[in-house]
Amino acid sequence: MAAPPQERPGEKQPAVRISTPKGKWILLTTVLGSSMAMLDSTVVNVALPTIGRDLDAGLAALQWTVNAYMLTLAGLILLGGSLGDRFGRRKVFVLGVVWFAAASLLCGLAPNVGVLIAARALQGIGGALLTPGSLALIQASFHPDDRARAVGLWSGFGGVGAAVGPFLGGWLVDGPGWRWVFLLNIPVALVCAPIALRHVPESSDERAHRGFDVLGAVLGALALALVTYALIEARSGSVFVAVAAVAGVAAGIAFVYVERRRPDPMMPPDIFASRQFTAVNLVTLCVYAAFGGFFFLTALQLQVVAGYSALQAGTALLPTTVLMLLFSARSGELAQRIGPRIPLTVGPLLCAAAMLLMLRVGKDASYLADVLPALLVMGLGMVTLVAPLTATVLASVDTARAGLASGINNAAARAAGLLAVAALPLLAGMGPEAYRSADAFNAAFRRAMPLCAGVLVIGAALAFATVRRPAPGCRRPQCLTHGCVTSPPLEPQRAAAPPGSASATASSAGPAS
């Protein structure tokens with residue numbers, strides 16, 4: 001657990017203590033806010049088959065239902081953190097909560113799948129405003145002596161929400177209907193926003209962000225959008241898809257060019273001068289690409305092929321979250337003693353083994369004999385690698401750039417999951433109506449799991465070859481408790497950034513830090 005952060009000269013010291021009523025209101029606000037984004041990231045996969053049947057949507061539309069949200073969130077989350085620092089963290093947090101709730105209402109009322117996909121993209125914009133503010137408010141409000149405890153409580157409460165999320169989502173889908181997966185966000189927002197306005201102090205830091213890399217954010221999001229479109233629609237073989245693919249690559253090249261030339265880039269290229277940072281982000285891309293594909297397809301496999309209800313499928317996935325809640329902190333402590341190389345090698349290999357075990361899950365699969373063993377191994381693999389991954393990212397750069405490094409790692413993980421959901425059905429030969437046929441989906445699932453496992457093996461090999469023990473005295477996360485498996489945890493502390501660099505504060509949509 002990290003020592004209290006150093007405050008900037010002349011900066012007002014946060015003074016709220018966690019034991020006071022004000023401190024408890026702030027903690028409640030941050031938990032409610034992060035829970036909104038986290039619940040949607042954990043329950044939508046469970047609802048996909050029902051959404052597809054109700055709106056008569058093909059597989060590509062279901063992919064976009066997941067990816068439209070991830071696209072805008074991944075592309076704009078660093079910019080969202082910058083906006084909070086400049087214009088007020090509470091103000092941008094509340095704006096994100098209201099925006100997210102309004103987009104959720106549109107999702108819940110969507111008359112067709114096109115409107116649903118557009119509303120999901122709007123949700124992602126709200127998430128990009130909301131999620132960086134959650135931990136930033138803790139950092140800016142609590143006294144340094146209480147900050148680590150506040151982060152731990154935030155993470156623990158959020159972890160309970162992550163564990164309940166799939167169960168709640170399945171119950172809603174089987175009961176009131178899939179639309180309530182989104183409509184549930186509205187009462188949460190109606191509680192969260194007024195509490196934030198009344199009890200959370202405003203804070204900002206104009207010195208950290210004198211400019212906004214809007215062009216970089218737009219180019220990054222555009223590159224992801226075009227490549228994602230090309231992968232999802234590649235089955236059509238149209239000229240427009242080929243043009244989109246080329247344009248996506250061109251936008252990516254333009255993004256790199258702009259980041260190299262701007263005085264205040266969103267993603268400064270020189271941060272990749274650290275070989276350790278570059279290596280860990282490559283491992284992150286491999287690991288979270290496999291995770292994104294696994295959780296997207298497994299929720300469908302359990303319902304389409306194994307015959308589970310939405311509630312049963314959501315409940316079936318709980319062991320991974322529970323294991324992370326119980327043992328991630330111990331895994332982080334072990335990695336600090338032995339170094340990150342072994343955990344970051346063994347963890348992906350365990351997850352790869354779990355995905356191969358999932359090949360046993362077919363029609364009339366037994367939960368205890370077929371599903372549970374695979375998910376237990378998956379949970380153990382995630383416990384082994386997630387906390388050391390975060391700690392290694394923070395340790396690979398200067399302390400002043402820890403927030404920026406953490407934000408880049410989070411964006412990389414989300415982008416990897418986004419592209420995996422787009423590409424994996426194509427690579428596995430999954431047709432547009434595959435999820436309507438148990439035999440067709442099962443055949444494609446059996447081709448997809450070895451692909452995911454292979455990507456994890458590549459990640460393990462990269463970690464073994466490139467990751468080294470951090471230098472003594474390097475930065476450590478304040479908290480190593482994790483309750484979300486869809487994106488890496490982030491460190492909320494921020495320190496003074498060197499002139500000309502942009503320091504981002506961002507938070508995972510899941511309860512982790």
Side-chain angles (χ1 to χ4, degrees), residues 1-2 38 135 148-149 151-160 162-163 276 279-281 283-284 286-288 290-291 294-295 317-355 357 373-396 402 405-406 409-410 413 456-457 459-464 466-470 472 474-492 507-508 510-513:
M1 195 159 293
M38 175 273 299
L135 282 178
R149 185 182 172 213
V151 171
L153 288 171
W154 175 87
S155 183
F157 284 124
V160 173
Q276 183 94 322
V280 174
N281 276 283
V283 174
T284 297
C286 292
V287 166
Y288 282 93
F291 288 171
F294 173 81
F295 285 104
L317 296 172
L318 286 178
T320 55
T321 303
V322 172
L323 285 172
M324 292 186 74
L325 280 171
L326 293 177
F327 299 112
S328 284
R330 295 181 182 179
S331 172
E333 293 168 359
L334 176 64
Q336 289 184 19
R337 290 198 300 269
I338 68 174
R341 187 184 187 190
I342 293 177
L344 294 184
T345 301
V346 173
L349 292 177
L350 285 172
C351 292
M355 293 182 184
L357 285 174
L375 293 177
L376 288 176
V377 175
M378 186 73 178
L380 289 174
M382 298 180 107
V383 164
T384 303
L385 73 91
V386 171
L389 181 68
T390 305
T392 308
V393 166
L394 296 175
S396 62
S406 189
N409 186 245
N410 181 268
L456 284 165
V457 171
L462 280 171
F464 184 78
T466 60
V467 174
R468 297 294 180 265
R469 181 186 290 272
C474 63
R475 190 183 188 90
R476 302 288 184 184
Q478 281 185 302
C479 178
L480 291 171
T481 302
H482 305 280
C484 184
V485 296
T486 56
S487 60
L490 294 180
E491 167 62 30
S507 142
S508 156
S513 62

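- Two residues are said to be in side-chain contact when any heavy atoms from C-beta on lie closer than 4.5 Å; S396 and V280 fail this criterion.
- Shown here for L344 and L385, the closest heavy-atom pair between the two residues is CD2-O, 3.5 Å.
- Remark: T284 OG1 to N410 CG distance equals 10.0 Å, nearest 0.5 Å.
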Side-chain donor-acceptor contacts of residues 345-353 below 3.5 Å, not counting sequence neighbours, with atom names and distances?
| residue | atom | partner | partner atom | Å |
| --- | --- | --- | --- | --- |
| T345 | OG1 | R341 | O | 2.8 |
| T345 | OG1 | F464 | N | 3.4 |

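- Atom CG of L380 is separated from atom CE of M324 by 11.5 Å, given to the nearest 0.5 angstrom.
- For the pair P388 and V383, the tightest heavy-atom approach, listed with the atom from each and the gap, is CD-O, 4.5 Å.
- Within 6.0 Å of CD1 in I342 there are 12 or fewer heavy atoms belonging to other residues, nucleotides or ligands.
- Taking all atoms of both residues into account, the shortest heavy-atom contact from A279 to T466 is CB-OG1, 3.2 Å.
- No donor-acceptor pair under 3.5 Å is formed between the side chain of Q276 and the backbone N or O of T392.
- Side-chain N or O atoms of S331 include none that pairs as donor or acceptor with a backbone N or O of F327 at under 3.5 Å.
- You'll find the side chain of I338 reaches within 4.5 Å of the side chain of P343, heavy atoms only.
- Two residues are said to be in side-chain contact when any heavy atoms from C-beta on lie closer than 4.5 Å; F294 and T320 fail this criterion.
- The CG atom of L389 sits 5.5 Å away from atom CG of N409, with the distance rounded to the nearest 0.5 Å.
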